[in-house]
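Both counts, for ligands and for their atoms, begin at 1 and track the order of listing. Numbering of residues begins at 1 and proceeds along the displayed sequence.
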Amino acid sequence: MLDVRAKMAKKSGKKGERFNPAIDSVSKAGLPDWLKEAVFYEIYPQSFKDTNGDGIGDIPGIIEKLDYIKELGCNALWLNPCFDSPFGDAGYDVADYYKVAPRYGTNEDLFRLFREAHKREMHVLLDLVPGHTAITHPWFQASMKAERNEFTDRYIWTDNIWTSPKDNACIRGISDRDGSAVTNFFSHQPALNYGYYEITESWQQPMDAPGPRATLEAMKDVMRFWLSGGCDGFRVDMAGSLVKGDPEGKGIQLLWEDVRAFLNKEFPHAAMISEWGEPDRSLQAGFHMDFLLHFGPSHYNDLFRCEEPYFSSRGKGDVKEFVARYLSNYEKTGGKGLICIPSGNHDMDRLARYLTEAESKLAMAFLYTMPGAPFLYYGDEIGMNYVEGLVSKEGGYNRTGSRTPMQWDDTANAGFSAGSPASLYLPIDPSATRPTVKNQAERADSLYHFVKKMIALRKEHPALGNTAGITFTEVSYPLCYERFCDEERLTVTIDPKALTVEIRDGEKTVLSECFR
Ligand code: GLC
Ligand code: CA
């Protein structure tokens, strides 16, 4: 089949600029070495920095701000999807996996971002959305046709329009093809066909049928294209849900093991992080890292985003269930990879919606002293607000308030864009006291300076590193834990009620802060 694949291979990016041998090697355990030191910064490209005045952030804007990110202490980026899309879900509805959305620039701009990042010893992860596409994707357009073609089985269709799938939503009535197409998230995101682990209906295909196999190969081609072009790996969207009819996750495990074998062979340095939220499964399946997130049984938001977050100085929160859950994952993953706890992301409320600046400092003290690679959502370093009352933008709904333009300084549009205010992707936070990089940098006791200090401390102390160990010694108010490696053993004490954080190396004080 796929002459398409051959065509795609030809489109492939520039080769040979991917690795810097000084920083890129793979440990025996299979973890690319750079991940051991990685501190990530997540960029929602729409809202970071606009360089051509059209009101939308772009890739040249990200390049312009690389030095800012590096100075903060972050040495790796995760970019939300930046591919061609009708933007019904902010780009998580891809229309062309091989093309940068024109509003962000060109493929060449993205390749240049990789090169500029590498020059600064930084790495870049792209967002891979393997589970579904936009309706406008040519694969789906072909799959909707009544006559059989190469893409008929690229998506999951029931065998007639009146049959809907039992366990998933579907789109129907928009094609000549007689059938309903399974959807994943929004109803305009048809699910790609990776097959069913357990077949219960005649229209379902096993994972090793030609259609599902071709889908997986097509996705490997996408990965190949960007990895050859200089990208350092992927954050994988909804990674745990590609295989259907798979209640115990056995099929999805097999699928990612297959991808792992491909990467080991062709791109052993590529880093893979899953949006899955079950590190015991994802790391076994060959991911290097998984997130603990706001969904699933993680209790992540007990700490940051609930009525009484643990880090609130009211002291009414609870950290026990989070720690129990964290430890059980930590033990199960047995040093196989990293469990990452982000400050937030494009899907959740900003930290500042629940925590004061002082409380956010405690949350940051926690995030930068935990194992796993830290992930900072753009703007969290200055305490950007969740902007209330916005009309949904590009499928953002309640998430829209966490996706507003980065606030750089006190010039027009907070330095985000030279465009007219009406042209901006989203309005700038209207608050008179909104934080900016400038006003935070000018104030010595700001959140920005504290985050910077914590990242620097993490780098100075191997015991605070991504792969160093952890033991919890007190799990209430305060929270105490030890971090250790061969070289040192540190004790971290965070007391939200007293608004204090202390890090000690035996008798020696490494950090002692009170934010009252
Ligand atoms: C993930 C993304 C989210 C997106 C969804 C569907 O959860 O983080 O933003 O809407 O997947 O792709
Ligand atoms: Ca722009």
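- For an aromatic pair to be called close, the ring centres must be under 6.0 Å apart, and H137 with F83 fails this.
- Counting protein heavy atoms only, atom 11 (O) of ligand 1 is closest to D237 OD1, 2.8 Å.
- Minimum-distance N/O/S atom of D54 relative to the Ca ion (ligand 2): OD1.
- The closest protein non-hydrogen atom to atom 7 (O) of ligand 1 is E275 OE2, 2.7 Å.
- Taking every non-hydrogen atom of D89 and a distance limit under 4.0 Å, the qualifying atoms of ligand 1 come out as 4 (C), 5 (C), 6 (C), 10 (O), 12 (O).
- Y310 and F322 have their aromatic ring centers separated by at least 6.0 angstrom.
- Within D50, the N, O or S atom lying nearest to the Ca ion (ligand 2) carries the name OD1.
- Close to ligand 1: R235, with a non-hydrogen atom less than 4.0 angstrom away.
- The H346 neighbourhood of ligand 1 comprises atoms 2 (C), 3 (C), 8 (O), 9 (O), with distances under 4.0 Å to a heavy atom of that residue.
- Of the charged side-chain nitrogens involved, none lies within less than 4.0 Å of a carboxylate oxygen, so that E42 and R235 do not count as a salt-bridged pair.
- Side-chain polar atoms of Y68 and Y41 form no donor-acceptor pair below 3.5 angstrom.
- Residue M238 approaches ligand 1 through these ligand atoms, each under 4.0 Å from one of its heavy atoms: 6 (C), 11 (O).
- For Y104 and Q46, the side-chain atoms include at least one donor-acceptor pair closer than 3.5 Å.
- If you check the side chains of D93 and S85, you find a donor sitting under 3.5 Å from an acceptor.
- When the Ca ion (ligand 2) is compared with the N/O/S atoms of D58, atom OD2 turns out nearest.
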Q | Chi angles and distances behind the side-chain contact (heavy atoms from CB on, under 4.5 Å) call for K65, I43 | A | CA-CA 11 Å; K65 294 296 182 185; I43 295 181; over 6 Å; no

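- Within a 6.0 Å sphere centred on CD of E37, heavy atoms belonging to other residues, nucleotides or ligands number 12 at most.
- Counting the atoms of ligand 1 from 1 in the order shown, those under 4.0 Å from a heavy atom of H132 are 6 (C), 12 (O).
- Computed with the Ca ion (ligand 2) at the centre, the I56 O to N52 OD1 angle is 150°, stated to 10 degrees.
- Set against the non-hydrogen atoms of R399, the atoms of ligand 1 under 4.0 Å away are 3 (C), 4 (C), 9 (O), 10 (O).
- The nearest heavy-atom contact from the protein to atom 8 (O) of ligand 1 is D347 OD2, 2.5 Å.
- Electrostatic pairing of D208 and R213 does not count as a salt bridge here, judged by no charged N lying under 4.0 Å from a carboxylate O.
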